[in-house]
Amino acid sequence: MTSGAPGLLASSDRRGRTFGAVDGLRWCFGEWMPRAADPLGTGRSLGPRGDERAHRLLARRATGRAWAEDLVRDVLDGAWPGFRPDRPGRKPALDGDHGLDVSIAHSGPVMLVAVAVGVPVGADVEDAPFEAFARPQLVRRMCSSAELEVFASVPDGSIRRRALARAWTVKEATLKARGTGLAEDPRTVEVDAEAILADVVSGPGDDEQRAKPELSIVRLSATGAELRHPLA
Amino acid sequence: MTTDAPTIESWLMGRVVAYGKVDAGTFDAATPLADLGLDSVYALTLCGDIEDEFDLDVDPTIVWDHPTIGELAEGISERLAAA
């Protein structure tokens with residue numbers, strides 16, 4: 001898997017979204033739901049009751065699709081082909097024969113949407129502080145034995161959790177780009193665990209860095225997979 | 001180890017609450033797992049938890065085949081009984 005540059009980032013729009021683009025790929029990232037709706041500021045849901053929960057899920061779905069529409073219209077000079085009917089367990093697909101692929105990801109209040117021209121794309125985001133990645137039940141189901149060995153070299157804490165979250169976003173984005181999702185075992189999607197861990201360890205480690213989500217976008221082509229971390 | 005569906009159902013509800021996505025008492029066994037915010041990370045975590053609790057190896061796709069806690073409990077119960 002090759003690594004691409006983060007790409008050009010436009011200034012945020014009035015909805016607080018940040019846009020990025022490289023040749024044949026566009027994405028936007030931001031908060032689909034204000035963090036004010038999340039009093040702990042952790043990105044965790046506080047367990048809303050049923051009606052509120054259903055409303056929030058519908059709003060999240062509508063927002064993801066609206067952001068995707070904005071990106072697609074930008075690529076297609078204003079045209080909007082619409083989405084195909086939902087396919088359970090599969091990522092959203094655009095109608096028509098224009099060669100665009102879309103991927104929508106969300107975690108807590110943050111959302112990442114990517115659109116690629118001519119090749120499959122997968123996007124994934126995990127919001128800090130990555131509490132789920134402290135669970136050994138998850139770690140052993142997502143990592144190969146070689147990856148487990150690397151991540152076991154550091155104790156549980158913010159560095160290990162961020163490294164695991166980054167590894168997960170790469171795996172999940174790859175599975176989305178392949179169109180398989182969790183029907184394919186994520187342990188079989190190899191990541192460079194040593195490089196990920198080294199990069200996280202060398203980061204600034206300040207409060208701003210600790211609050212950053214992890215984002216990955218993977219594009220597949222005949223020459224292989226291209227990985228991009230938009231916030232890197 | 002229990003193999004009866006109601007006990008498994010209760011255990012599953014406890015796991016969903018432990019993941020911090022929803023509060024106890026705001027859902028029941030008929031609520032779709034997707035409505036509980038059970039994303040890929042938690043589907044995979046749940047597989048690991050099922051493995052630990054019941055010594056049963058399951059794929060994350062089990063939550064698509066059994067989309068509510070009640071149906072998932074029945075599915076696990078049947079697999080345990082057949083093991």
Side-chain angles (χ1 to χ4, degrees), chain A residues 38 40 42-58 60-61 86-91 105-108 122 124-127 129-143 164-165 167-169 171-173 175-176 180-187 214, chain B residues 1 8-72 75-76 79-80:
Chain A
D38 177 15
L40 292 181
T42 60
R44 288 178 55 194
S45 160
L46 294 181
R49 299 196 67 82
D51 288 350
E52 185 188 343
R53 195 165 53 228
H55 176 76
R56 189 176 293 184
L57 288 170
L58 285 171
R60 186 179 72 187
R61 173 189 162 92
D86 285 349
R87 300 164 301 164
R90 306 285 299 276
K91 68 178 182 180
H106 40 73
S107 174
D124 195 44
V125 57
E126 288 294 329
D127 196 25
F130 317 117
E131 291 171 339
F133 296 91
R135 297 181 186 275
Q137 292 86 356
L138 169 64
V139 176
R140 72 166 191 266
R141 289 294 302 236
M142 62 172 267
C143 294
L164 283 163
W168 169 255
T169 62
K171 287 170 180 272
E172 173 82 329
L175 294 175
K176 284 179 164 183
T180 54
L182 285 183
E184 188 176 349
D185 191 334
R187 289 173 289 201
E214 285 293 331
Chain B
M1 184 202 320
I8 297 170
E9 189 176 287
S10 176
W11 177 81
L12 284 170
M13 292 175 93
R15 294 320 302 156
V16 170
V17 171
Y19 299 155
K21 295 279 186 179
V22 290
D23 286 336
T26 66
F27 63 100
D28 58 32
T31 308
L33 289 162
D35 290 358
L36 298 174
L38 197 81
D39 57 17
S40 297
V41 164
Y42 286 103
L44 209 54
T45 307
L46 184 58
C47 289
D49 280 336
I50 291 170
E51 199 172 60
D52 284 355
E53 183 71 12
F54 303 108
D55 195 22
L56 189 67
D57 189 10
V58 294
D59 292 329
T61 51
I62 194 173
V63 301
W64 301 339
D65 298 334
H66 305 86
T68 67
I69 286 176
E71 290 173 67
L72 183 55
I76 294 171
R79 290 188 191 207
L80 287 171

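Only heavy atoms go into these numbers, but all of them, side chains included; no hydrogens, no water, no symmetry mates. Throughout, protein chains are lettered first and strands after them, A, B, ... in sequence-line order, and every chain is numbered starting at 1.
- Judged as a side chain to side chain donor-acceptor pair (under 3.5 Å), and not counting sequence neighbours, the contacts of A:Arg140 are B:Glu51, B:Asp52.
- For chain B, the nearby part of A:Leu57 is the side chain; its heavy atoms alone come within less than 4.5 Å.
- Looking at B:Lys21 and B:Asp39, a side-chain N of the basic residue comes within less than 4.0 Å of a carboxylate O on the acidic one, giving a salt bridge.
- In this structure, no portion of A:Pro136 lies under 4.5 Å from any heavy atom of chain B.
- Contact count versus chain A (heavy atoms, under 4.5 Å) is highest, among B:Asp59, B:Leu46, B:Thr61, B:Asp35, for B:Asp35.
- Annotation: B:Trp11 is in aromatic contact with B:Phe54 [ring centroid separation under 6.0 Å].
- Applying the ring-ring contact (aromatic ring centres under 6.0 Å, His included) test to B:Tyr42 and every residue at least two apart in sequence or in another chain returns B:Tyr19.
- The candidate with the highest count of non-hydrogen atom pairs below 4.5 Å against chain B, out of A:Leu182, A:Asp185, A:Asp124, is A:Leu182.
- Most heavy-atom pairs under 4.5 Å with chain A, from the set B:Ile50, B:Thr31, B:Leu44: that is B:Leu44.
- Look at A:Arg141 and B:Asp57 and you find a salt bridge, because one of the NZ, NE, NH1 or NH2 atoms lies within 4.0 Å of a carboxylate O, short of that distance.
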